[in-house]
Amino acid sequence: MLARKGPLLPDGFFLTRLAENAKQPNQFKTNSQRARFITKNGSCNVAHKNIREQGRFLQDVFTTMVDLKWHYSLLIFTSAFLCSWMLFAMMWWLMAFAHGDLEPRDPNGEPGPVPCVTAINSFTSAFLFSIEVQVTIGFGGRMVTEECPLAIMVLIVQNILGLIVNAVMLGCVFMKTAQANRRAETLIFSRNAVIAPRQGRPTFMFRLGDLRKSMIISATIQLQVIRRTVTTEGEVIPVCQLDIQVENPLRSNGIFLVSPLIISHTIERGSPLYEVSAHSLATEDMEIIVILEGVVETTGITMQARTSYTPEEILWGRRFVSIMTEEDGRYSVDYSKFGNTVPVRMPALSAKELDQIRGVQEGDVPEGQLQGWGLVRAGRGGFRRGGRTCDSSSASRPWYAAQPEKEEHVKAKEKNGQKKTVRLEEIGRKIEVEGLGDFSDRE
């Protein structure tokens, strides 16, 4: 989801997004609502049912406490304190009752035996003494005497137990407030992804930005496609995860998130989106998951931000507008245009169909069949645009790959004393010019 919690974005930003959603409907959108594996805010849309071994959660109490919601955690902490206070209050009252400290005494008479705990006359006074011991208040009206060694032992046990309860409570509160997903609230993803041509190839793109000035150290981005797959044996895999390579010259998923970036994936052979076209996109049963991982610069905690894109949220033939400008010697980012896109000219064919037109064939191709168009060398240092043919031995080469002449043919020509030839190809005719020296003579 583009807009997250908190007044971090101006009001005009949300108005711009509403206008953008109204102007950019997906023309291939279907009416059926598909279930999402990952929601737009990054939470997993999975319900765990019929878990029989519930006791496994109690074996990891600390993680269970951190995962609970705040109102449940506060209820458990309050109950733990009250129960411990009541338990030890009952022990102090029973100890005073057994020692005879609760019997009424004449204030003008002779003093009685020394009590185990002074000023304990009822269960209420025992409860107040239990609170004073555990939270170390120490009002001074009640104290343990040397009369009862058992009272000293109970005092030690209650102090140790109180320290444990306080440590667990403080640890849970700290972990809940410093959770990694809190940092993800200021990481925004574009609401829609786009497929547009880039460097002559169909490319899947989305925009990612960080609203904070503190950076994400060692940030990495990962893309996965989740789709329903049926194996050759007939086994149905409801959630099949396929990795998508992020476009990066270093062939790694690392990014430098100092400003909003457009993360791209070139759709080529081997890509899960290789056979997706503009018309088949709406009927595709898939979901593209985006996972951003890194270390928070200020806290050193590893964080993760997630989102996903369904076919309804992928716009075909559009690209993102530029939002960065240079002003007064520094770069300025306009977040009001963060998710805005503009249409571009792009065929509705899939990348596989485009490759077949350009010349990337999966099988053999008859000799002389036109495979694509590129730059053909014409003479010395010059190029012109023309067609190119390829035989069955080079059918698997892409249209832009060079076609080297076979070595044995070159040797046979040199042996027979023939001059090396350069083949020029034009639309509708072929011209063979023998001898590169003829060009130099004419010049």
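Bear in mind that the values here come from a model prediction, so they are computed numbers and not experimental data.
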Practice item. Keeping to residues at least two apart or across chains, list the ring-ring contact (aromatic ring centres under 6.0 Å, His included) pairs with something in residues 190-230. Key: F206-Y309

Point to revise | T298 backbone acceptor or donor facing S214 side chain under 3.5 Å | key: no

Review point. What residues, two or more places apart in sequence or in another chain, satisfy salt bridge (Lys or Arg N to Asp or Glu O under 4.0 Å) together with R207?
Key: none

Check your understanding: Considering the options V290, T220, T266, L223, which one meets the side chain to side chain contact (heavy atoms under 4.5 Å, CB included) requirement together with V246?
Key -> L223

Exercise for review: Kindly say whether I38 contributes a backbone atom to a donor-acceptor pair with the side chain of S308 at under 3.5 angstrom?
Suggested key: yes

**Study point:** Verdict with reasoning, M286 to L242, per side-chain contact (heavy atoms from CB on, under 4.5 Å)
**Key:** CA-CA 11 Å; M286 68 175 184; L242 302 174; over 6 Å; no

Check your understanding: Side chains of L261 and I255: closer than 4.5 Å at any heavy-atom pair?
Key -> yes

**Study point:** Donor-acceptor contact present, side-chain K176 to main-chain G171, <3.5 Å
**Key:** no

**Study point:** Nearest-0.5 Å distance that lies between atom CG in N166 and atom CE in M169
**Key:** 5.5 Å

**Study point:** Backbone of I237 reached by a side-chain donor or acceptor of T229 within 3.5 Å
**Key:** no

Revision key, fill the gap. By salt bridge (Lys or Arg N to Asp or Glu O under 4.0 Å), R330 pairs with (sequence neighbours left out) none

Practice item. For atom CD of E103, decide whether the heavy atoms of other residues, nucleotides or ligands shown that lie under 6.0 angstrom number more than 12. Key: no

Review point. Is there a donor in the side chain of E353 and an acceptor in the side chain of S277, or the other way round, less than 3.5 Å apart?
Key: no

Check your understanding: Considering residues at least two apart in sequence or located in another chain, which fulfil the side chain to side chain contact (heavy atoms under 4.5 Å, CB included) criterion with N159?
Key -> V133, L155

Practice item. Find the distance between CD (Q304) and CD (E293) and round it off to the nearest 0.5 Å. Key: 4.5 Å

**Study point:** Salt bridge flag under 4.0 Å for residues D210 and R183
**Key:** yes

Exercise for review: Output yes when a side-chain donor or acceptor of T310 lies under 3.5 Å from a complementary backbone atom of E287, and no otherwise.
Suggested key: no

Check your understanding: Are any non-hydrogen side-chain atoms of H48 and V46 less than 4.5 angstrom apart?
Key -> yes

Check your understanding: Can you list the steps and then say if M65 with F77 is a side-chain contact (heavy atoms from CB on, under 4.5 Å)?
Key -> CA-CA 10 Å; M65 293 290 297; F77 293 151; 3.4 Å; yes

Check your understanding: With S350, which residues qualify under side-chain hydrogen bond (donor to acceptor under 3.5 Å, both in side chains), at least two apart?
Key -> none

Review point. Considering residues at least two apart in sequence or located in another chain, which fulfil the salt bridge (Lys or Arg N to Asp or Glu O under 4.0 Å) criterion with R227?
Key: E284

Review point. Can you name the nearest heavy-atom pair linking L292 to I221, along with the distance?
Key: CB-CD1, 3.9 Å

Revision key, fill the gap. Looking only at heavy atoms, the pair that brings A196 and V344 closest together is CB-CG2, 4.0 Å

Review point. Does N45 reach the main-chain N or O of T39 with its side chain, forming a donor-acceptor pair under 3.5 Å?
Key: no

Exercise for review: Calculate, to the nearest 0.5 Å, the distance between atoms CZ and SG belonging to R36 and C44 respectively.
Suggested key: 12.5 Å

Check your understanding: Any side-chain heavy atom of M303 sitting closer than 4.5 Å to one from V295?
Key -> no

**Study point:** Distance-only side-chain donor-acceptor flag, E313 / N192, under 3.5 Å
**Key:** no

Check your understanding: Distance from E275 atom CD to R269 atom CZ, nearest 0.5 Å?
Key -> 10.5 Å

Study note, to complete from the structure: Separation between CG (N340) and CZ (F338), nearest 0.5 Å, reads 10.5 Å

Review point. Given side chains that start at C-beta, do those of I120 and V117 come closer than 4.5 Å, heavy atoms only?
Key: yes

Point to revise | Test item: Q224 side-chain N/O and I289 main-chain N/O as donor-acceptor pair under 3.5 Å | key: no

Exercise for review: Give the intermediate values and the outcome of side-chain contact (heavy atoms from CB on, under 4.5 Å) for residues T341 and L315.
Suggested key: CA-CA 9 Å; T341 60; L315 306 178; 4.0 Å; yes

Exercise for review: Mark yes or no for whether S73, through its side chain, and K69, through its backbone, hold a donor-acceptor pair below 3.5 Å.
Suggested key: yes

Check your understanding: If every non-hydrogen atom of S84 is compared with every non-hydrogen atom of S130, which pair is closest and at what distance?
Key -> O-OG, 4.3 Å

Exercise for review: Spell out, as yes or no, whether a donor-acceptor pair under 3.5 Å connects the side chain of R201 to the backbone of I267.
Suggested key: yes

Point to revise | Of all pairs that satisfy disulfide bond (SG atoms under 2.5 Å apart), the ones with a partner from residues 314-347, not counting sequence neighbours | key: none

Point to revise | Test item: T78 side-chain N/O and L75 main-chain N/O as donor-acceptor pair under 3.5 Å | key: no

Review point. Does the side chain of K40 come within less than 4.5 Å of F189's, by heavy atoms?
Key: no

Review point. For M143, does the CE atom sit with more than 12 other heavy atoms under 6.0 Å from it, leaving out its own atoms?
Key: no

Check your understanding: Listed by chain and number, what are the salt bridge (Lys or Arg N to Asp or Glu O under 4.0 Å) partners of R198, not counting sequence neighbours?
Key -> none

Donor-acceptor list for residues 86-100 side chains, cut-off 3.5 Å, not counting sequence neighbours:
unit_1, atom_1, unit_2, atom_2, d
W92, NE1, Q158, OE1, 3.1
H99, ND1, D101, OD1, 2.9

Point to revise | Smallest separation among heavy atoms of I226 and V239, with atom names | key: CG2-CG1, 3.5 Å

Review point. Quick one: does V342's side chain get under 4.5 Å of R319's, heavy atoms only?
Key: yes

Exercise for review: Evaluate the side-chain proximity of F62 to C172: yes if any heavy-atom separation is below 4.5 Å, no if none is.
Suggested key: yes

Revision key, fill the gap. Sorted by chain and number, sequence neighbours left out, side-chain hydrogen bond (donor to acceptor under 3.5 Å, both in side chains) with S271 holds for H265

**Study point:** L187 versus L257, closest heavy-atom pair with distance
**Key:** CD2-CD2, 4.0 Å

Study note, to complete from the structure: One should read off an interatomic distance between L82 CG and I131 CD1, to the nearest 0.5 angstrom, of 8.0 Å

Check your understanding: Of the non-hydrogen atoms in P343 and R318, which two are nearest, and what is the gap between them?
Key -> CD-NH2, 3.6 Å

Exercise for review: Report yes if some heavy atom in the side chain of I314 is under 4.5 Å from a heavy atom in the side chain of I288; otherwise report no.
Suggested key: yes

Review point. When you look at Y335 and I188, which way does the side-chain contact (heavy atoms from CB on, under 4.5 Å) test go after all the steps?
Key: CA-CA 10 Å; Y335 279 98; I188 56 177; 3.9 Å; yes

**Study point:** salt bridge (Lys or Arg N to Asp or Glu O under 4.0 Å) contacts touching residues 135-148 (sequence neighbours left out)
**Key:** E132-R142

**Study point:** Partner residues of C148 under the disulfide (SG to SG under 2.5 Å) criterion, sequence neighbours left out
**Key:** C116

